Structures are given as C-alpha cells and as structure tokens.
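When reading the values below, keep in mind they use all heavy atoms of this one structure, side chains included, and skip hydrogens, waters and symmetry mates. All figures in this text were calculated on a predicted structure; none of them were measured in a lab.
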Amino acid sequence: MNWRSIKAIYVFEMTRTFRTILQSIVSPVLSTILYFVVFGAAIGGRIESVEGVSYGAFIVPGLIMLTLLQQSVTNASFGIYFPKFIGTIYELLSAPVNFIEIVIGYVGAAATKSIMIAVIILATSTFFVDLRIEHPVWMVAFLLLTGISFALLGFIIGIWAKNFEQLQLVPLLIITPLVFLGGSFYSVSMLPEGWRTVTFFNPVLYLISGFRWSFYGISDVPIAVSLAAVALFMAACLGVIWWIFRSGWRLRP
C-alpha cells in the first residue's frame, strides 16, 4: 500500500476545500441553519414535543443527517469527476498509484469534509436548542459509518457520470427526497398506518432513526436494524467498487 500517494490525494482534496471555504463549508452550514429556523418556527409552534423531546431538538439529528448524506455524495462524486472533466486525471493515471489507493484518498477526504460540516452544524444547533447526547460513542460511529458509506456511493456516481447533470441526479432527485420522507422532521409513529408501512421501505429512515437514538434514546426502528442497514449499504458500495476494480475498469475521461 502506497500511503504517500493516499496522503497526496487526501491533502490535495482537503486543500481544495479550504480554498473554497465559503462554498464548501459555510454555504451548507447556512442552508441547514435556515432549514432549522424555518421548520423550527413554522412547525415547532404547532408541535411542542415529539416523544418527550422538544420539536426543535428533535429535528437536529435529521438535519445533520440530511447534510451529511448530501455532502458525502457530492464531495466524493465531484472530487473524482472534475479531474476527468478537465483532463488532469492523466496525471493520476501516470503516477505509481493503484485503484484502491485512489478510492481511499478520495473517499477519505470526502468523508472527512462531510463529517466536519456535520460537527459544525451540531455545535451551531446548541445555540438554538438544548441538546443532549445519551450515546456519544454511537453518535460518532453513525457519523463515521454514514459519511464513509455515502462517500463510497458518491465515488461510484463520479465514475459513472458523463456530465454535470448526471453528477447531480442522485443527490437531488433521490437522496434529498428520501431524507425528507425518512423521518427527518417527524416521527414515523405520527403517520397513518398506510404511510407508516411505506416509510419502512425507505432505507434512509434506518440511518436517521439510529442517529436520533444516539441523541435521545428514541427511535422508530430497533438500533440493531439501523446498524445492520448502514453496514449492508457500506458492504454493497464496497462490492460495487471491488467489481469495478476486478473487471479491469480504468479511470478515463
């Protein structure tokens, strides 16, 4: 394993983030705060608490997960797609670095950036509501597993995408609706029976439910099921990337 090449890719991606800090960090944080203010003010005035937790505090894990999923996918997909788009991928192809090292470098940087934004949002939310974290170790575990898993998904999207429209297709048309319909702003128990059944087919529900459990000890599904869902998703993404590697695929524009 060439750790020097992994470090080079990782440092380059992180440096690019800090060069565009307004777009990479400040913008998603402000967008999430606006979500918090709007939903907290509009709905929080009608719903005082959900399962014993104030509504403003209840939606914080969902908002963090919304940003984490979006940023993980976007950062990883853009990170590998942009060098293909401008042609600098040939510099990477000519270097003594294999496919696994490329994946670790890009996915590691994307996961780091998304988790960093999630932590900033978590810290910012304490100015608006009283938060408690009953299971901090599990909270960190969910952040890491989810960030890495969806960064792997983003890397696959970046490989597959042929243009910027395809690059934005999954985050905008699939992930965002799934997060909104996955219990980010409400408990599944509040839904009618029919919609409740449909919601359980939403894979994002299990991520949000497990993450919220790490805060308040409440969840819509058992915590073991949430962990299994995250592990299964990560295994599936790793399997796809491994298949791409074994099939002889090469990075090309």
Side-chain angles (χ1 to χ4, degrees), residues 32 35 39 43 47 50-53 55 57-74 76-77 107 110-111 114-115 118 135 138-139 141-161 165-244:
T32 306
Y35 274 123
F39 279 89
I43 303 179
I47 304 175
V50 179
E51 299 187 32
V53 179
Y55 184 76
F58 180 85
I59 65 175
V60 169
L63 287 174
I64 293 174
M65 194 59 67
L66 169 65
T67 304
L68 181 66
L69 268 57
Q70 289 178 332
Q71 291 300 312
S72 296
V73 172
T74 302
S77 60
V107 169
S114 60
I115 292 172
H135 308 283
W138 284 112
M139 185 202 72
F142 269 104
L143 279 177
L144 291 175
L145 290 173
T146 305
I148 294 172
S149 298
F150 279 81
L152 288 168
L153 174 62
F155 189 86
I156 295 171
I157 295 171
I159 294 173
W160 164 76
E165 289 183 0
Q166 293 180 347
L167 200 67
Q168 296 296 324
L169 182 66
V170 173
L172 291 179
L173 298 183
I174 298 179
I175 292 179
T176 300
L178 286 179
V179 174
F180 273 91
L181 298 174
S184 297
F185 305 105
Y186 55 86
S187 171
V188 174
S189 61
M190 301 168 64
L191 298 175
E193 184 64 31
W195 283 109
R196 190 183 312 169
T197 302
V198 172
T199 304
F200 282 119
F201 287 95
N202 182 350
V204 177
L205 167 68
Y206 300 91
L207 306 179
I208 296 174
S209 177
F211 192 56
R212 182 173 286 127
W213 172 86
S214 69
F215 279 75
Y216 310 118
I218 58 175
S219 62
D220 294 310
V221 296
I223 183 63
V225 177
S226 295
L227 287 171
V230 178
L232 181 62
F233 183 77
M234 177 181 289
C237 290
L238 287 172
V240 171
I241 291 177
W242 179 251
W243 174 81
I244 292 172

The test is side chain to side chain contact (heavy atoms under 4.5 Å, CB included); show your working for T199 and L181 and say whether it passes.
CA-CA 7 Å; T199 304; L181 298 174; over 6 Å; no

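- Just one of L69, N202, L63 meets the side chain to side chain contact (heavy atoms under 4.5 Å, CB included) condition when paired with V179; it is L69.
- Among residues two or more places apart in sequence or in another chain, the ring pair (Phe, Tyr, Trp, His ring centres under 6.0 Å) test is passed with F200 by none.
- You'll find the side chain of P177 stays beyond 4.5 Å of the side chain of L173, heavy atoms only.
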Identify all side-chain donor-acceptor contacts of residues 223-239 below 3.5 Å with residues at least two apart in sequence or on another chain.
residue	atom	partner	partner atom	Å
S226	OG	Y206	O	2.9

May I have the list of side-chain donor-acceptor pairs in residues 208-215 shorter than 3.5 Å, sequence neighbours left out?
residue	atom	partner	partner atom	Å
S209	OG	D220	N	2.9
S209	OG	V221	N	3.2
R212	NE	F58	O	3.1
R212	NH1	G183	O	3.1
R212	NH2	F58	O	3.3
R212	NH2	G183	O	3.1
R212	NH2	S184	O	3.1
S214	OG	F211	O	2.5

Taking only distance into account, with no hydrogens and no angle test, what donor-acceptor pairs under 3.5 Å do side-chain atoms of residues 144-158 form with protein atoms, sequence neighbours excluded?
residue	atom	partner	partner atom	Å
T146	OG1	F142	O	2.7
S149	OG	L145	O	2.6

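- Each side-chain hydrogen bond (donor to acceptor under 3.5 Å, both in side chains) pair with one or both residues in residues 171-182, not counting sequence neighbours, appears once here: Q70-T176.
- Residue pairs satisfying the side-chain hydrogen bond (donor to acceptor under 3.5 Å, both in side chains) criterion with at least one member in residues 151-160, sequence neighbours excluded, are absent.
- Going from atom CD1 of I59 over to atom CD1 of I64 covers 10.5 Å, rounded to the nearest 0.5 Å.
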